[in-house]
Amino acid sequence: MFFIRTLISFLKDDEYRDLLITTILIIFSGTFVYHYIEGWSYIDSFYFSVVTLTTIGYGDFSPQTDEGKLFTVLYIVIGIGMILSFINTIQHHYTYMKHKEKREILKNRAFNNTDEKKKNKINKIIEEVMKEKKEL
């Protein structure tokens, strides 16, 4: 359930959604170019695009044409930063949501067991911690 809530909150954010769309466009553009330049199937082209941009590089496929090799160089230079940024953003968002959920649990426990003055102090501390986490 936590994963689904995290995914939904990720998709609701405009910046995250734009990053996701850009990532999808980069992968599919590579898929179509490899399909036409190298003559690979769409599945093989998609596979090669993902394996290349995630720096896995199994080596089972490699461009055979000069155009394909030149495109691969440009594709890596342009796409690798975007893909790694996308993966990093997902990880940061997941961590942020996990901390936010823990904060809510702690906040609810603390509120149930304290008076109003202590509740305000706890709220301030929690807000400061979350501000620091978000700035990272």
Colleague: Could you check whether any side-chain heavy atom of Ser45 comes within less than 4.5 Å of a side-chain heavy atom of Tyr36, counting everything from C-beta outward?
Modeller: no

Colleague: Gly68 and Pro63: which non-hydrogen atoms are nearest, and at how many Å?
Modeller: C-CB, 3.6 Å

Colleague: To the nearest 0.5 Å, what is the distance between NZ (Lys98) and NE2 (His93)?
Modeller: 13.0 Å

Colleague: Nearest 0.5 angstrom please: Phe48 CZ to Leu53 CG, how far?
Modeller: 9.0 Å

Colleague: Only pairs under 3.5 Å count here: list side-chain donor-acceptor contacts from residues 18-29, not counting sequence neighbours, and write none if there are none.
Modeller:
{"residue": "Thr22", "atom": "OG1", "partner": "Asp18", "partner atom": "O", "Å": "2.8"}
{"residue": "Thr23", "atom": "OG1", "partner": "Leu19", "partner atom": "O", "Å": "2.8"}
{"residue": "Ser29", "atom": "OG", "partner": "Leu25", "partner atom": "O", "Å": "3.2"}
{"residue": "Ser29", "atom": "OG", "partner": "Ile26", "partner atom": "O", "Å": "2.8"}

Colleague: For residues 79-90, which residue pairs pass the side chain to side chain donor-acceptor pair (under 3.5 Å) check, not counting sequence neighbours?
Modeller: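 Counting only pairs at least two positions apart or across chains, the side chain to side chain donor-acceptor pair (under 3.5 Å) contacts touching residues 79-90 are Asn88-His92.
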
Colleague: Are Val50 and Phe86 connected in the hydrophobic side-chain network, where two residues link if heavy atoms are under 4.5 Å apart?
Modeller: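 Same cluster: Val50 reaches Phe86 through Ile, Leu, Val, Met, Phe, Trp or Tyr contacts under 4.5 Å.
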
Colleague: Quick one: CZ on Phe61 to OH on Tyr47, what's the gap to the nearest 0.5 Å?
Modeller: 7.0 Å

Colleague: Could you tell me which residues satisfy side-chain contact (heavy atoms from CB on, under 4.5 Å) with Ile8, sequence neighbours excluded, listed by chain and number?
Modeller: Ile4, Lys12

Colleague: To the nearest 0.5 Å, what is the distance between CZ on Arg103 and CE on Met97?
Modeller: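 Spacing of CZ (Arg103) from CE (Met97) equals 10.0 Å.
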
Colleague: Which value, rounded to the nearest 0.5 Å, describes the distance between His35 atom NE2 and Tyr42 atom OH?
Modeller: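 Answer for the NE2-OH pair, His35 versus Tyr42, is 3.5 Å.
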
Colleague: Kindly write out the residues that satisfy side-chain contact (heavy atoms from CB on, under 4.5 Å) with Thr55, not counting sequence neighbours, or none if the list is empty.
Modeller: Ile80

Colleague: Considering non-hydrogen atoms only, spot the tightest contact between Tyr75 and Ser49 and give its length.
Modeller: OH-CB, 3.3 Å

Colleague: For the side chain of Thr65 and the backbone of Glu38, is there at least one donor-acceptor N/O pair under 3.5 Å apart?
Modeller: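 Flag not set: sc Thr65 to bb Glu38 has no pair under 3.5 Å.
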
Colleague: side-chain hydrogen bond (donor to acceptor under 3.5 Å, both in side chains) with Thr72: which residues, sequence neighbours excluded?
Modeller: Tyr34

Colleague: Applying side-chain contact (heavy atoms from CB on, under 4.5 Å), name anything that partners Ile56, two or more places apart in sequence or on another chain.
Modeller: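 Result, side-chain contact (heavy atoms from CB on, under 4.5 Å) vs Ile56: Val51, Thr54, Tyr58.
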
